[in-house]
Amino acid sequence: MPSAESQLALANAERIHGGRLLIVGFDADVARALSPTTVFHQSWRAYRAASGDDVRFGAWFTAEQPYETALVELPKETERLRMTLSMVGAALIPGGRLVLIGRNDSGIKSAGRHLTEIVGENEVLDFRFHARALSATASREQSRSSLDDWESVFRAEVAGRVVGVHDFPGVFSRGRVDEGTRRLLDVLDVDASACVLDIGCGSGVIGAWLRAGSNVVGSCDVDALAVEAAARTAGSSFASDVYSDVSQTYDVIVTNPPFH
């Protein structure tokens, strides 16, 4: 069954579609109903399940030509919402329209003030299925219109080694080294010649720590922003939904999954 957000998007398909359309998030059913569109995902899992002629994956979307309309699924974390609104706002023509849809219990009502501040004044387009659709007219110039504008960098000492950590909104344990990671690295004993895979790498702290100990390291994550952060922190990374795109063998697999 489609999510509440997708049900509301499908119920308003005719009202949303207009000119060149960019969809950020949402499932394949929404993309098919609003085709032709450009679909952008920061989730590797969603990207692999997507369909359409113009489906893209990455940490940041840059438009070759501006769009008249954008449909955005509400991100879970506030700072990533603000980053997404800036990214999409920069891809719209002046006076273009951004429709933001989210569940009532996920903060869509409070998201309206961020939408107004970053994109333009908004109004409620529809509310059903325990969700709400907000429509804003693009009238704000974007001051943080590139991925680098949203990067943070900090140094941390972890288990006797100092690592420089690059981070982005919504990446697990943003701005700090997670306590579970610290405890894991306090006891991790890996031969320096071992080839190691860090699954669910987040910002790449484990990979950077291992690389400092001369290990050959692979880091992977389902989230494009984590993949980009880990590439900057640990030197390399790739997108994978757990083992979906792991193409080589490793001596050791390490993970600190964010279940806690």
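Computed from a predicted model, the values in this text were never measured in an experiment.
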For a quick check under 3.5 Å, do [X] and [Y] share a side-chain donor-acceptor pair by atom type?
{"X": "T116", "Y": "N122", "answer": "yes"}
{"X": "S203", "Y": "D167", "answer": "no"}
{"X": "D148", "Y": "S146", "answer": "no"}
{"X": "S236", "Y": "R211", "answer": "yes"}

- [ ] Kindly indicate whether a cation-pi arrangement holds for R56 with F40, taking the cut-offs as under 6.0 Å to the six-membered ring centre and within 45° of the axis.
- [x]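 Verdict for F40: no cation-pi partner in R56.
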Is there a chain of hydrophobic side chains (I, L, V, M, F, W, Y, each step under 4.5 Å between heavy atoms) that links [X] to [Y]?
{"X": "Y243", "Y": "F238", "value": "yes"}
{"X": "L81", "Y": "L125", "value": "no"}
{"X": "L185", "Y": "V177", "value": "yes"}
{"X": "L134", "Y": "L92", "value": "yes"}
{"X": "V119", "Y": "L100", "value": "yes"}

How long is the gap from [atom1] on [X] to [atom2] on [Y], to the nearest 0.5 Å?
{"X": "L85", "Y": "R80", "atom1": "CG", "atom2": "CZ", "value": "13.0 Å"}
{"X": "L210", "Y": "R161", "atom1": "CG", "atom2": "CZ", "value": "7.0 Å"}
{"X": "E79", "Y": "T84", "atom1": "CD", "atom2": "OG1", "value": "10.0 Å"}
{"X": "T38", "Y": "F61", "atom1": "OG1", "atom2": "CZ", "value": "5.5 Å"}
{"X": "T69", "Y": "L34", "atom1": "OG1", "atom2": "CG", "value": "10.0 Å"}
{"X": "L8", "Y": "D126", "atom1": "CG", "atom2": "CG", "value": "5.0 Å"}

Provide the closest heavy-atom pair for [X] versus [Y] in the form atom of the first, atom of the second, distance.
{"X": "C201", "Y": "D221", "answer": "N-OD2, 3.2 Å"}
{"X": "A239", "Y": "D245", "answer": "O-CB, 3.5 Å"}
{"X": "V88", "Y": "A70", "answer": "CG1-CB, 3.3 Å"}
{"X": "F129", "Y": "A11", "answer": "CE1-CB, 4.1 Å"}
{"X": "G170", "Y": "D223", "answer": "O-OD2, 4.5 Å"}
{"X": "V252", "Y": "A194", "answer": "CG2-CB, 4.3 Å"}

Within-4.5 Å side-chain heavy-atom neighbours: [X] and [Y]:
{"X": "F127", "Y": "N104", "answer": "no"}
{"X": "R82", "Y": "P169", "answer": "no"}
{"X": "D149", "Y": "Q142", "answer": "no"}
{"X": "Y250", "Y": "I199", "answer": "no"}
{"X": "R132", "Y": "V124", "answer": "yes"}
{"X": "V196", "Y": "D251", "answer": "no"}
{"X": "L225", "Y": "L147", "answer": "yes"}
{"X": "M83", "Y": "W60", "answer": "yes"}

Backbone of [Y] reached by a side-chain donor or acceptor of [X] within 3.5 Å:
{"X": "R176", "Y": "A156", "value": "no"}
{"X": "Q42", "Y": "A59", "value": "yes"}
{"X": "S237", "Y": "V227", "value": "yes"}
{"X": "D178", "Y": "G180", "value": "yes"}
{"X": "T233", "Y": "G204", "value": "no"}
{"X": "W150", "Y": "R144", "value": "yes"}

- [ ] Quick one: do W44 and S244 satisfy side chain to side chain contact (heavy atoms under 4.5 Å, CB included)? Show the steps, please.
- [x] CA-CA 10 Å; W44 186 248; S244 67; 4.0 Å; yes
Salt-bridge present ([X], [Y]; N to O < 4.0 Å):
{"X": "R20", "Y": "D54", "value": "no"}
{"X": "R183", "Y": "D186", "value": "no"}
{"X": "R113", "Y": "E117", "value": "no"}
{"X": "E151", "Y": "R232", "value": "yes"}
{"X": "E121", "Y": "R140", "value": "yes"}

Open item on the list: salt bridge (charged side-chain N to carboxylate O under 4.0 Å, His left out) for R103 and E73? Distances and angles first, verdict last.
Closed with: CA-CA 9 Å; R103 295 195 314 275; E73 187 172 17; over 6 Å; no
TODO: Start with the C-alpha gap between C195 and Q248, add the side-chain angles, then the distance that decides, and say whether side chain to side chain contact (heavy atoms under 4.5 Å, CB included) holds.
DONE: CA-CA 10 Å; C195 184; Q248 70 178 77; 3.8 Å; yes
Open item on the list: If you apply the rule side chain to side chain contact (heavy atoms under 4.5 Å, CB included), what do you find for V30 with L10, and how did you get there?
Closed with: CA-CA 6 Å; V30 174; L10 291 169; 4.2 Å; yes
TODO: Report, as yes or no, whether the 6.0 Å neighbourhood of atom CG on D53 holds more than 12 heavy atoms from other residues, nucleotides or ligands.
DONE: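 For D53, atom CG is not crowded (no more than 12 foreign heavy atoms under 6.0 Å).
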Task: Exceeds 12 heavy-atom contacts within 6.0 angstrom, atom CZ of F57 - done: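 Enclosed: over 12 neighbouring heavy atoms sit under 6.0 Å from CZ of F57.
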TODO: Check step by step if side chain to side chain contact (heavy atoms under 4.5 Å, CB included) holds for I101 and F26.
DONE: CA-CA 10 Å; I101 298 181; F26 288 99; 3.9 Å; yes
